[in-house]
J.: 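Mind having a look at this structure? Questions to follow.
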Amino acid sequence: MTAIRTKHIELHVGAFHLNNISISIPRGKITAIVGPNGSGKSTLLKVISTLLHANKGEVVLHNKPITAYRPIELAQTVAMLTQSSQPPPDMTVRELISYGRSPHKRLFDRMTAEDERHVEWALNVTGTKKHENRMIHTLSGGEQQKARIAMILAQQTNIILLDEPTTFLDIAHQLDVMEMLQKINQEYPAVTVVSVLHDLQQAANYCHHMIAMKSGAIHTAGAPKQILNPQLLKDVYNIEAKVTFEDDYPVIIPIKTLEASRRN
Ligand SMILES: Nc1ncnc2c1ncn2[C@@H]1O[C@H](COP(=O)(O)OP(=O)(O)OP(=O)(O)O)[C@@H](O)[C@H]1O
C-alpha cells in the first residue's frame, strides 16, 4: 500500500528545478531520501507537506489528492520536522512539545488529558522528559533537535516527514533517533516515516525504502540493499567507493571524488 504518491511534480525555485518527480512511498515503512547537497530533498519534502506548491503535478496522500485535504485534516495527517535556522523559541521543552497538539484543538482550547498523554509519550520516547521544564535555549543543539522531534511526534500523525533529524547529534544520539523511529514504526504499523538522511549506511540499516535524488530529479528508488552499490555512488555523488556487505548490510568505504566541479 502506498502512503504518498507524487505524479510528475515540477517546481521552479530560483534557478532550481524539481523535475518530473513521480514517486511512491510505501505505507507503514521507513523511507530515506538521500542525495547530494542541493539535489532537492528538502524541496521535495516541502512539496509533500504543502509548505511549497508545485507548478505542475499532483501529490496524493493515502489515495486522496493533497488539494482535497482541509488544512486541519492535513495537519492531523502529516507532521514535518524542517531544518531549523531559527533561534530557539522562548519556552520550555514541555511547552514546545505541547504545540504539537495544536492540530487537534481549537484556538484557546485547554490541553485535555489525552493531549497530556501524547505529550508525555513524546517526552519519554525521545528521552527529553529529563529536560521538560528547561527553556529550549539552555539545551545543547542535539537536545534541542530531540525536543523538536518530540513536538512532531506529539502531533500523532500517520505520516512523519523529517528533514535531517540526526543533524547536530553525535553518533550515539544519531543511532538513538534512528532506533526510536524504528521502534515507532514497529509499534504503530500505520505510521509512515520519510526522512532525509546523509548517512547512507544508517539509511540502509534503518530504512525499508530509499529514494536517491540528483539535480532535482529522482535517480533511483528501491530497497537500500538492492540499490546501494558503487555505480550509484558514482552516478549520484560522483565518488569512487567500495560497497561490501556485512550481515546483509552495506558497508561503504569512500575512496576518492571523481571530479571537483560537479555534485548537484
Ligand atoms: N527559495 C529559494 N530560492 C532560490 N533557490 C532555492 C530556494 N529554495 C531552495 N533553493 C535551491 O534549490 C536547491 C535545492 O535545495 P534543497 O534545500 O531542496 O536541497 P537539499 O537536497 O535538501 O540540500 P541539503 O542536503 O544541502 O540540505 C538548492 O540549490 C537551493 O539553493
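We count ligands from 1, going down the list as the structure has it; atoms in each ligand are counted the same way.
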J.: If we only count N/O pairs under 3.5 Å, is G38 in contact with ligand 1?
T.: yes
J.: Side chain, backbone, both or neither: which applies to P36 and ligand 1 if a contact is any heavy-atom pair less than 4.0 Å apart?
T.: backbone
J.: Compute the minimum heavy-atom distance from G35 to ligand 1 and say whether it is under 4.0 Å.
T.: no
J.: Donor-acceptor check, side chain of Q174 to backbone of L169, threshold 3.5 angstrom: yes or no?
T.: yes
J.: Looking at ligand 1, is there an atom of it that comes within less than 4.0 Å of some heavy atom belonging to K46?
T.: no
J.: Can you list the ligand 1 atoms lying under 4.0 Å from a non-hydrogen atom of G40?
T.: 14 (C), 18 (O), 19 (O), 20 (P), 21 (O)
J.: Counting from 1, what ligand 1 atoms have a heavy atom of T43 closer than 4.0 Å?
T.: 14 (C), 15 (O), 16 (P), 18 (O)
J.: Please identify which atoms of ligand 1 are closer than 4.0 Å to at least one heavy atom of H198.
T.: 25 (O)
J.: For K129, what residues pass the side chain to side chain contact (heavy atoms under 4.5 Å, CB included) criterion, not counting sequence neighbours?
T.: R94, E120, L123, N124, E132
J.: Test of understanding: with side chain to side chain contact (heavy atoms under 4.5 Å, CB included), list the residues that count as partners of P26, not counting sequence neighbours.
T.: K29, T31, H209
J.: Decide whether H173 and D176 meet the rule of one side-chain donor and one side-chain acceptor closer than 3.5 Å.
T.: no
J.: Let me know which of K41, Q83, K46 forms a side chain to side chain donor-acceptor pair (under 3.5 Å) with D163.
T.: Q83
J.: Do any N or O atoms from the side chain of T128 and from the backbone of H131 form a donor-acceptor pair under 3.5 angstrom?
T.: no
J.: Think K64 forms a cation-pi with Y69, using NZ or CZ under 6.0 Å from the six-ring centre and within 45 degrees of its axis?
T.: yes
J.: Which atoms of ligand 1 have any heavy atom of Q83 under 4.0 Å away?
T.: 27 (O)
J.: Below a 4.0 angstrom heavy-atom separation, can you tell me which part of E164, side chain or backbone, both or neither, approaches ligand 1?
T.: side chain
J.: Assess G216 for proximity to ligand 1: is some non-hydrogen atom of it under 4.0 Å away?
T.: no
